[in-house]
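Everything below concerns the one structure shown next.
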Amino acid sequence: MNSEVEKIQVFNTLTGKKEDFVPVSGKTVKIYACGPTVYDSSHLGHARKEIVWDTVQRYLRFVGYDVVYVRNITDVDDKIINRARERGIGPDKLAREYTFAFWEDMHALNVQAPDFEPRATEFIAQMISFVEGLIKAGHAYQAGGDVYFDVGSFNDYGKLGKKNLDELMVGAREQVVAQEELQKLKKNAVDFALWKSADKDELGWQSPWGYGRPGWHLECSTMVKHILGETIDIHSGGEDLVFPHHENEIAQSEALHKHPLARYWLHNGFIQVSQEKMAKSLGNFKTIKDLLREYEPDAIRLFVLQTHYRNPIDFSPESLAAVKSGLQRLVRAAHLNDGLELKGAAGKDILAAAEKFKAEFRQAMNNDFNTAIAISHLYQIADQISALKDKESAARQVLIDVLLEHAAVLGLTLLDNRKNLKDEQKEKLVGILLEMRQKAKADKDFERADAIRKQLTDIGIAVMDTPQGATWETI
RNA sequence: GGCGGCAUAGCCAAGUGGUAAGGCAGAGGUCUGCAAAACCUUUAUCCCCCAGUUCGAAUCUGGGUGCCGCCUCCA
């Protein structure tokens, strides 16, 4: 970090304002990002969330903070249990399967591994003591084999999601009335489960209240506490988590610890499809694996980051395809010096341009991580690179280096894939050669036909003539 | 119904009081045997509508219209 601390501003959902970012303790930044529930394939919406917060933690490290980035994996949940039952396998096996699939997707998208990646099932014991603490403090109560958080005992309830407790009660009461059993158990309709009893043959753990499972919100509060501490700097997630998930985390943690769970609550906007949110429940999603078949990881990241993280993105194949051309310009500029010896030297003007670019890039990112502006500066530096001649390659290299360094902060590799062939292209290519050879044979130009065959053999492709025409295989 | 957010060129998208970034597509040009790629130039008198505050507003205020999200699982 420079001698002076980078002045970063972030939009805090808690206050609804952009605020100066000041970590709890100096250069250390503790971030907890709500991770996936592993019961199905990840889609573009999940990709956005991971790309956005990956970029944030990359940038904070880039400007010199010591970041501890934690992203959990929710591997115990009703959705997992139901899906596993449908498939006739154990919930733990299903969770493992989709955990690996998630890791594959994240790796492909150049999303860095977090410093810690706790799974809920690893923290059952800590969750149980967390609940015991809440009961002891009078913020939770046992009802049958369940334990509920007593929302009425926590004054600040609703401060994140901007909810009015009285109004919540009305809505919640209607739902609870529909479930008679709950009505009997809960003191208050809005109270949420910290621990839920389960049947013996279901996924569960022994607890002071009997056999059961933790409630969803509990895991995050517990893992934050045990891995990062009682107050962290940034807690992030998709905007749908604001209420009730993060609201409930705040209630649990702050009721127990009596001080803030996180200083800054950051939330990313959603991907929409035809003006509707992309969601598994709507069945209108594109999985990351689908997209990766068609688009490079850099293109997907560029697509996501060209919109500010809090704004919605309306997805269409056209809009994603449109970034491909732009990406090519950056890639081309980044590789203009490939295979060239560096000539000349970078003059003052070049060094000044590099410094100007660095400052502008940071200025953009310091303003609530405005990646859209940051990207526009990448294009500007790419134009400057392209404008330099080969004989000024040393000067050009200075700018290429800063381009690559800053593109990497956004997780863009700018790898040169321009000459990479797809499998189908390779097959067609051989087909074209065989067609040309066939034409030569038909013209009785056997010298030419044999030359084509030999050159193919030399690169490891054997050509075999058959009564049905030529075929080939690799040697 | 309550709360929150968004509306900027053909499309995507920045811009929170000082006179419209950037990308895609389009147009013209350089280059080329012809192309393609690349590069250069160019493309919103105007920011959903109405009223107001101000010397000055896309940016602030009030009203309206449309859309989205949350309030239940959801990134």
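Order of the sequence lines sets the chain letters (A, B, ...), proteins ahead of strands, with each chain counted from 1.
Taking the six-membered ring for Trp and the full ring otherwise, the centers of A/Y148 and A/F192 sit at least 6.0 Å from each other. Aromatic pair A/F369/A/H308: ring centres not closer than 6.0 Å.
Candidate nucleotides B/C39, B/A25, B/C3 were compared by shortest atom distance to the side chain of A/S325, and B/A25 ranks first. Relative to the side chain of A/D383, the nucleotides B/A14, B/A75, B/G23 differ in distance, and B/G23 lies closest. With B/A13, B/C68, B/G69 as the choices, the nucleotide that has an atom nearest any side-chain atom of A/T307 turns out to be B/A13. Checking B/A75, B/G23, B/C3 against every side-chain atom of A/K162, the shortest atom distance belongs to B/C3. Here the side chain of A/Y39 is nearest to one of B/C71, B/A14, B/A75, namely B/A75. For A/W216, counting side-chain heavy atoms from C-beta on, the closest listed nucleotide (B/A14, B/C39, B/C74) is B/C74.
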Interface polar pairs with nucleotides 41-44 of chain B, N/O, under 3.5 angstrom:
none

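A/Y59 and A/N366 form a side-chain donor-acceptor contact under 3.5 Å, judged by distance and modelled atom types alone.
A/H246 and A/H235 have perpendicular rings, their planes meeting at more than 60° on a 0 to 90° scale where under 30° would count as parallel. Between A/W53 and A/Y309, the ring planes lie perpendicular to each other; the angle is over 60°, past the 30° to 60° tilted range.
Whole-Å rounding puts the A/K79 NZ to B/C74 P distance at 4 Å. Remark: C1' of B/A75 and CD1 of A/I288 are 10 Å apart, rounded to the nearest angstrom.
Residue A/K163 places none of its side-chain N or O atoms closer than 4.0 Å to OP1 or OP2 of B/C70. Under 4.0 angstrom from either OP1 or OP2 of B/G23 there lies at least one side-chain N or O belonging to A/R329. For the OP1/OP2 pair of B/G15 and a distance below 4.0 Å, the side-chain nitrogens and oxygens of A/N370 include at least one atom meeting the criterion.
You'll find the side chain of A/T371 reaches within 4.5 Å of the side chain of A/L410, heavy atoms only.
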